[in-house]
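Each chain gets a letter, A, B and so on, in the order its sequence line appears, and its residues count up from 1.
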Protein chains: 2
Amino acid sequence: MVGSPNRDRKAERREATRREILAAAWEVAHETGLISVTLREIATRIGMRPPSLYSHFASKNAIFDAMFAQAWDEFHAVLEKAIPAFPADPRGRLLAGASTYFDFAVGDLARHQLMDMPMLPDFTPSAEAFQSSLQCYGLMRSLMDEIGIQRQADLDLYTALVGGLVNQQLANDPGGDRWRALLPRTVTLLADDLGLPPSPT
Amino acid sequence: MVGSPNRDRKAERREATRREILAAAWEVAHETGLISVTLREIATRIGMRPPSLYSHFASKNAIFDAMFAQAWDEFHAVLEKAIPAFPADPRGRLLAGASTYFDFAVGDLARHQLMDMPMLPDFTPSAEAFQSSLQCYGLMRSLMDEIGIQRQADLDLYTALVGGLVNQQLANDPGGDRWRALLPRTVTLLADDLGLPPSPT
DNA sequence: GTCTATACACCGATAGAC
DNA sequence: GTCTATCGGTGTATAGAC
């Protein structure tokens, strides 16, 4: 009976409801902040009663967990899709990678807080959800590896500097480009320090 | 009657209670996180009932407001006290300033979140409290001015890079020094970019 | 100024009918 | 799978006695 049309339809419907719940949760997070997400509000938005959510998620934190994985998977997809269009030279690739991350992070404050900040007191990503972030980090590291950057300290510095620009942009000039404009300069600083060959003119 | 001993004692006692409340609030913030600070918990720690706090603060946010000002005033004092011991050369001063800020920020996560992150959904610092942060920023800017750094973009870059190291340190290696160790290198990058003269050997 | 008592609005989660 | 009803708990804030 496995794989029968009946079974597929049921599973599809179930998955659709799950997606609907998560979409509503993101909606609330965008409008009122991550910590203000409540089961009541999620349920209301999709025309359900709060207890019904428990048929699809074991707890509120399970919803956050799914959102966490979703966010990292999304960035993984964005990065993978963007890489083929990256320039060939190391400096160009470094800037393209930084820009891709910057724009993704700045594009959604709630998502960035969930992915990169410990904002929810009682939430810790499950091992499965954490896998999504590790997979993403692996892709980033392979990209850096091509450029010739392997040392942990160099990777740490790279993530800190780009992340610093992201945070200032979100905290002090949301929607603007005051720190976004400093990204090329920052990447050049780093490229010089790492001794990357000059870009082809 | 103004300034009579009786009056002074009363005002002193009142101020002491205020300080006690704030100290308890910080204690809770350190142990359970900023968002988990509740009037109940504050009151319990100082042997009071929650409603009694309203004799000293108009609301919970008024407590956060006082904490916000307190934190910035504290950093102002720390910075002012540290400056006389700073090296004379520009590069040395730049690193000393960055180190002072880094150590202060990393030394207290809750304080850093209150000062530099928008973590509390319904809290916005009052104009008076914000003055404390502006005064502190003014001191920092005058320090940078001596070194010859005046352009807004340069100041923005400086704060973003140092802040990026702070955030990574707190998020990924609390208590350690993985990003702390990258501070001199980062400041050197920046000093080179700004064309600061080499340090005296 | 501090207390007791309480109002009021939330929250996450569970039990059990349908 | 969704519902109603409800439990047990959280929180801020106010009223009024002392």
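Between Ala58(B) and Arg13(A), the one whose closest nucleotide on DNA chain D sits nearer the 5' end is Arg13(A).
Between the CG atom of Leu39(A) and the CE atom of Met48(A) there is a distance of 12.5 Å, given to the nearest 0.5 Å.
Here the side chain of Pro51(B) is nearest to one of dA13(C), dA13(D), dT2(C), namely dA13(D). For Ser52(B), the side-chain atoms get nearest to dC3(C) when compared with the rest of dC3(C), dA13(C), dT2(D). The nucleotide whose nearest atom lies closest to any side-chain atom of Arg49(B) is, among dA13(C), dG1(C), dC3(C), dC3(C). Looking at the side chain of Ser59(B), the nearest of the listed nucleotides dA13(D), dC3(D), dG11(D) is dA13(D). Of all nucleotides listed (dT2(D), dG1(C), dA13(D)), dG1(C) comes nearest to the side chain of Ser55(B).
Regarding Phe123(A), its CZ atom lies at a distance of 15 Å from the P atom of dG12(C), rounded to whole Å. Taking atom CD1 on Ile63(A) and atom C1' on dA13(C), their separation rounds to 12 Å, with Å as the unit. For the pair Lys60(B) NZ and dG11(D) C1', the interatomic distance rounds to 8 Å; values are reported in whole Å. If you measure from atom CG of Leu120(A) to atom P of dC11(C), you get 15 Å, rounded to the nearest angstrom. dA13(D) atom P lies 11 Å from atom CG of Leu53(B), rounded to whole Å. The separation between Leu39(B) atom CG and dA9(C) atom P is 19 Å, rounded to whole Å. Distance OH (Tyr54(B)) to C1' (dT4(C)): 16 Å, rounded to an integer number of Å. Atom-to-atom, NE2 of His56(A) to C1' of dA13(C) comes out at 16 Å; the value is rounded to the nearest Å.
Stacking of Arg111(A) on the aromatic ring of Phe75(A) is not recorded, the 6.0 Å distance cut-off and the 45° axial limit not both being met.
No side-chain heavy atom of Met67(A) sits less than 4.5 Å from a side-chain heavy atom of Phe123(A). For the pair Asn172(B)/Thr159(A), no side-chain contact is recorded, criterion being any heavy-atom separation below 4.5 Å from C-beta on.
Distances shown here put every side-chain N or O of Arg40(A) at or beyond 4.0 Å from the OP1 or OP2 atom of dC10(C).
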Might you work through the side-chain hydrogen bond (donor to acceptor under 3.5 Å, both in side chains) test for Thr44(A) and Arg40(A), ending with a clear yes or no? CA-CA 6 Å; Thr44(A) 298; Arg40(A) 275 178 162 74; over 6 Å; no
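When heavy atoms are screened at a 4.0 angstrom cut-off, Arg14(A) is found touching the sugar-phosphate backbone but no base atom. Using a 4.0 Å heavy-atom cutoff across all strands shown, Pro50(A) reaches no nucleic acid atom at all.
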